[in-house]
Amino acid sequence: MSILDDLNPFQREAAATVEGPLLVLAGAGSGKTRVLTYRIAYLIQEMGVEPWNILAVTFTNKAAGEMRERVENLVGDLAKDIWIGTFHSICARFLRVEAEKFGLERSFTIYDEDDRRAAIRRVFESHKIDDKEMTPRSVIGQISRAKNAMLDPASFAAEAGEAPNRKLIAELYTAYEADLRRNNALDFDDLLVETVRQFDNHPEILEKYQRRFRFSLVDEYQDTNKPQYMLCKQLAAHHRNFCVVGDDDQSIYQFRGADLRNILDFERDYPDAKTVRLEQNYRSTARILEAANQVIGNNKDRKGKKLWTDGPDGDLLELVQCDTDRREARFVVETLRKQVGSGGYTPGDAAILYRTNAQSRSLEEELQRSGMPYTIVGSIRFYERREIKDLLAYLRILTNPADDVGLRRVINMPRRGIGDTSLDHLQRYALNHGLNLFAAMGFLDQVEGLNARAKKHMGEFKAIIDELAAAKDEVTLPELGQRLFERSGYQQMLLDENNPEAETRTQNIEQLIAFMTEFCETRDEVTLDSFLEEVALMSPMDEAGDTSRMITLMTLHSAKGLEYPLVFMCGMEENLFPTARAIEESRSKQNQQAIEEERRLCYVGITRARQRLYLTYANRRYAYGNMIDCEPSRFLQEIPDELYSVKREVVEFNPRTRQPGRNRFADKSPKERSDRSGAPVRKKIPKDKPKGVHYEWDEGVKPPPQLDAFADFVDQDDFLAVGQWVRHASWGRGQIIARDGHGENMKLSIRFGPHVKKVAVAYAQLEPA
DNA sequence: CAGGGACAAAATGAA
DNA sequence: TTTGTCCCTG
């Protein structure tokens, strides 16, 4: 009697082969996670392996948490001592634990994408780079690529040669690295690269871990990049009980440096490796699997395997052509309503997948109208919100005062009368004396050019930070958060703003503090550093929370590893999926790599579906505010016709022109449409309308004055959508800016403070039919 | 120094 | 259509 009796023969072989290198090629839905968890349980229960001798690496925290939970179900509390984590979190742990020996500061900050951009901008400034000739984005991209290729600035420069820019980039790369070091910060790439480098330089420390991890497992091996690959190699070198699980057909992170060769060449790297294939699928119907097999069969660069099932054929796939993206969204929502109503499905059974985050918008609007519960993974990420990032920046400074990027972010937030000029003076002093900004604030009297006011304000800021930093080890994390919220003046600032927007932001901060409490309760070892680290390494999936009761909207990338009875794949159009860039690359470089990666993504999408799969595309779609024509994705043709039910078209015709889709009211509700009947003849928006006219109002004033403001230059009757923006706007002090009209459209922005809070489009009326 | 308005740029994906 | 920045003004 063994725990492995629950597995099929192939799964059992994969779980029981614990000695030596093992490659498990696990197709989608073949019970991969099951194999991994049973393998761990088997090691502990039947092989007598101590949990702390096992290392399991995943790609997301969510996957790590799930794995731990499932192992716990099998072996109980012992699961707590297994090292389970993501590459990034495990590396961060190595770097902190060994900080002293590695010559690092323990409290390093992890820079996210924004911080990185801010840092590179500073480098641009000091190198007098005009961001017209070179965008921060492209430079960051090149630096990141260099890091993932394990090239330091020197070797990057050495490789230079042809490209004239390359020398300059190498210089910027050098400066960027120096900046990070000065700020005691590491970016995402550094976490991996630095760990590998340090292990290379400190073999005795590496050896400690090599000995410790007698058995190591890596999930999603097809998505490892070079440093991850090398780290695996380093850690597994001693015991060589190294098990990797992956699916070459699901490699979708090339843009992040993932190298398909890592899995394709595993048997070459480890000649004594055993390979086990898991091809029986327990997830999808036969038809869905057939579609997936057909699509992926067009790829050349793969190991080759074919999923099969002994389950039912299932329903045919539905292919739906829609007039516009709006209509597409409506189709999805209407179908969902039916399936949830009489189809016997729950909202939690459904996922709506798309290629780009931007596509979520029209879908969300429709869902909102429908009243069905939904959640969007990764669109407006909680930890990307301004107020959250501000508070986190404060916290970062408390533990790492050298964090200039964080300091710049909040030194004048709330407004303290410390402007750019004063900061420049401080920065100059700091540079001259080899200090970071915070340290420089200790010598305010010596800083040239600072006026008394700025000195006073900076002194006050420093005092607040000092006070909170002193308290950080005395009080609990949530208390620290609360105290920071108050003492920094942030709370008062939001109170003063006194509008619904500020209220939401206050609530968000309260939620952050609540999360701190939860963090303290669920962790053994709680430090400010560990909290900040957890937050920095959080993935959008990790933030999504409980998705079991809601329709889930997410990108195809986020969907990897998940499954749903009901799946919609939207925006199946050329130039969107595959992306224009991938198509362009296949044309210019004459290679299919980019297209093949898109195709793998398509394969991932299809194999998420258990029972029903809808594929939708639009004839026309909004992009940057105007309609563009679209063509169906090539991937749709790669699925054989007999797998589709009768092709459906959802097109609305303009009754007046008898042309498809020319009727801009087609997407309005019947009520809105009928409101138009008997309306006055269209009026032209006056040509001499002053440009940029704006109307201001005071706090507490309600809609009517604003409508009057519009009526001043355009008759109110001309607008159908007025009610819409009125509903959405909030009533603080503000202004309305009338932008130029575009034919029949009139664009109106409602601004509050420095940011546009709500933009509405009001449509002039059409002539009656 | 703060805030407004003109103007340019944007969006592939994510730890 | 939305967001970010740059320059100008009070």
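Chain letters run A, B, ... following the sequence lines, proteins first and then strands; every chain starts at 1. Heavy-atom basis, side chains included; hydrogens, waters and symmetry copies ignored.
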Considering only NZ, NE, NH1 and NH2 on the basic side and carboxylate oxygens on the acidic side, decide whether [X] and [Y] come within less than 4.0 Å.
X      : Y      : result
A:R116 : A:D189 : yes
A:R355 : A:E573 : no
A:R117 : A:E113 : no
A:K147 : A:D187 : yes
A:K456 : A:E460 : yes

Pairwise P distance, B:dG13 and C:dG4 [rounded to whole Å]
16 Å
Rounding to a whole Å, what distance do you find between [X]:[atom1] and [N]:[atom2]?
X      : N      : atom1 : atom2 : result
A:M538 : B:dA14 : CE    : C1'   : 14 Å
A:D114 : B:dA14 : CG    : P     : 15 Å
A:R117 : B:dA9  : CZ    : C1'   : 12 Å
A:E220 : B:dA15 : CD    : C1'   : 13 Å
A:K62  : B:dA15 : NZ    : C1'   : 16 Å
A:D190 : B:dA15 : CG    : P     : 17 Å
A:L192 : B:dA14 : CG    : C1'   : 13 Å
A:D112 : B:dA14 : CG    : C1'   : 12 Å

Between B:dC1, C:dT2, B:dA14, which nucleotide has the shortest distance from any of its atoms to the side chain of A:S422?
B:dC1
Taking only N and O in the side chain of [X], is any of them less than 4.0 Å away from OP1 or OP2 of [N]?
X      : N      : answer
A:R361 : C:dT1  : no
A:T421 : B:dC1  : yes
A:S539 : B:dA15 : yes
A:N412 : B:dA2  : yes

Could you tell me whether A:L601 contacts a base, only the sugar-phosphate backbone, or nothing, with contacts defined as non-hydrogen atoms closer than 4.0 Å?
nothing
Under 4.0 Å between any heavy atoms, over every strand shown, what does A:D420 touch: base, sugar-phosphate, or nothing? Just pick one.
sugar-phosphate
Ignoring hydrogens and angles, does a donor from either the side chain of A:Q228 or the base of B:dA15 sit under 3.5 Å from an acceptor on the other?
no
I'd like a list of close polar pairs between nucleotides 10-13 of chain B and the protein, N/O only, cut-off under 3.5 Å.
from   : atom 1 : to     : atom 2 : distance (Å)
B:dT12 : OP1    : A:R137 : NH2    : 3.0
B:dT12 : O2     : A:R355 : NH1    : 3.1
B:dT12 : O2     : A:R355 : NH2    : 2.0
B:dT12 : O4     : A:R581 : NE     : 3.4
B:dG13 : OP1    : A:N357 : N      : 2.6
B:dG13 : OP1    : A:N357 : ND2    : 3.4
B:dG13 : O4'    : A:R355 : NH1    : 3.4

With a sphere of 6.0 Å drawn around CD of A:E584, does it hold more than 12 non-hydrogen atoms of other residues, nucleotides or ligands?
yes
Taking for A:G417 and for A:S89 the nucleotide of DNA chain B with the nearest heavy atom, the one nearer the 5' end belongs to A:G417
Distance-only side-chain donor-acceptor flag, A:Q222 / A:E220, under 3.5 Å:
yes
Treating A:N299 as the side-chain partner and A:E596 as the backbone partner, does any N or O pair qualify as donor plus acceptor under 3.5 Å?
yes
